> 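Have a look at the structure that comes next, please.
As the structure is a prediction and not an experimental result, all values here were calculated from the model. So you know, we letter chains A, B, ... as the sequences are listed, proteins then strands, and number each from 1.
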There are 2 protein chains.
Amino acid sequence: MNTKEKIVAAALDVYNREGIRTVTTRQIAREMGISAGNLHYHFKHTEDIIFTIFGQLQRDYDEMVALFDKKDLVLRELLQEFINGSYRLINKYRFIFVNFVEVCAWIPAIGESYRDLVMRREEQFVSLFRYYAELGMFRQDIPIAILKGFIRQIFIISDFWYSSFAVLGGRCQSDALEDYRQTIEVAFYPYLT
Amino acid sequence: MNTKEKIVAAALDVYNREGIRTVTTRQIAREMGISAGNLHYHFKHTEDIIFTIFGQLQRDYDEMVALFDKKDLVLRELLQEFINGSYRLINKYRFIFVNFVEVCAWIPAIGESYRDLVMRREEQFVSLFRYYAELGMFRQDIPIAILKGFIRQIFIISDFWYSSFAVLGGRCQSDALEDYRQTIEVAFYPYLT
DNA sequence: ACAAAATTAGAACAATTGTTCTAATTTTGT
DNA sequence: ACAAAATTAGAACAATTGTTCTAATTTTGT
């Protein structure tokens, strides 16, 4: 791992731990035992670090989705894979989810990139649900408007479940995954056959 | 409106507009045409302003709920009142919702106060749904675990819908309410009879 | 009317911030 | 082996921050 990668890893760690509000580039540098000057040699601006982290999140996400496609799963299996996989990402990059609006206002390219991702995701979900509806695993009597609303719901829950969990005072890791699983499953419950 | 109230109003306005990340007490003071020294005469610390705003949000919320209780509504009417009322609050205090985790980490009293509110809200919802289930307006066959999960879902959506809307690039006010209404209604859809 | 208290503006302070600059050291390609 | 390029530490900079201090002005209670 070269210095640039180490900076990204350290920044992710510190941001997750303390939030973007109070963390400084000096603190990130100190934490990893390099000078602030050196950090800014590799990343001229703080935004550049965060933008790099966001890029990593997107690559991780695409990788996860590609993995699902290969496996050809039953809907309930896919749901479990989705829960485990998305939880891992949400937890790994939680500071971004916790500060999503501010980050997008600060670095507009992240907002644009996210909106692209969401549009792709939405289509994937629609065709996925159609596929499982034909296999009799997903309800067939759902109007498209409701279906899109349901997908929107899943996005809100998966993007902001961590924020809610954190605000409610959740700490323990094992509780966290169970809480996330429960929340997503309940959202799906009325739509499964 | 005395100076103290004016400061709170101006702060709410500026925070909603620009987010807590970049706004300074100097900027709030400048915006309302008073000196920074004067602002800090009324609020020694920045946290005190935010804590006051959060107190206002809670009073507004309690007021809204009390209004519902008086009216003795049919479930679908109540749902509409809830959507309109909660939207008004979410929009009025949007900067808090957008920075909920950071605000709670910064000012622990807000987190504690919110957790109290959520516990009260949860009980209210359970007994409300029981009441409407007896009247045949809400499904009676929902296990309590699912019901609690559904309530959790509603909280996540109402607390973070704005964040999602903002990140998706939503701007226009009229679109916003419709989007919120649609999202909440779809969440309720499978549980109404 | 007038003393005491409350409010105000503006200067001042000490700390911190992101970033740049400089000079030294290390690594790389040949 | 050695010149050029990349990396590093640490000092330096200019701007900004929340907050305090001081002295003036305004309001309040009697």
> Would you say the ring centers of B:Tyr191 and B:Phe150 fall short of 6.0 Å from each other?
yes

> C:dT8 phosphate, OP1 or OP2: any side-chain N/O from B:Thr3 under 4.0 angstrom?
yes

> Is the closest side-chain donor-acceptor distance between B:Gln80 and B:Glu185 under 3.5 Å?
yes

> Taking the six-membered ring for Trp and the full ring for Phe, Tyr or His, determine whether the centres of B:Phe97 and B:Tyr162 are under 6.0 Å apart.
no

> Would A:Arg152 and B:Asp179 pass as an ion pair if we require N to O under 4.0 Å?
yes

> For DNA chain C, what is the dot-bracket line, given that a base pair needs Watson-Crick (N1 to N3, plus N6-O4 or O6-N4) or G-U wobble (N1-O2 and O6-N3) geometry with both distances under 3.5 Å, and | means paired with another strand?
||||||||||||||||||||||||||||||

> Where along nucleotides 9-20 of chain C does protein come under 4.0 Å, by heavy atom, of base (B) or sugar-phosphate alone (S), with - for untouched nucleotides?
BB-B----BBBB

> A:Arg121: what forms a salt bridge (Lys or Arg N to Asp or Glu O under 4.0 Å) with it, not counting sequence neighbours?
A:Asp159

> So if I apply the ring-ring contact (aromatic ring centres under 6.0 Å, His included) rule between B:Phe125 and each of B:Tyr132, B:Tyr131, B:Phe155, B:Phe188, which one comes out positive?
B:Phe155

> Between B:Asp62 and B:Arg120 (salt bridge meaning N to carboxylate O under 4.0 Å), is one present in this structure?
yes

> Would you check if there is a donor-acceptor pair between the side chains of A:Tyr180 and A:Asn91 at a distance under 3.5 Å?
no

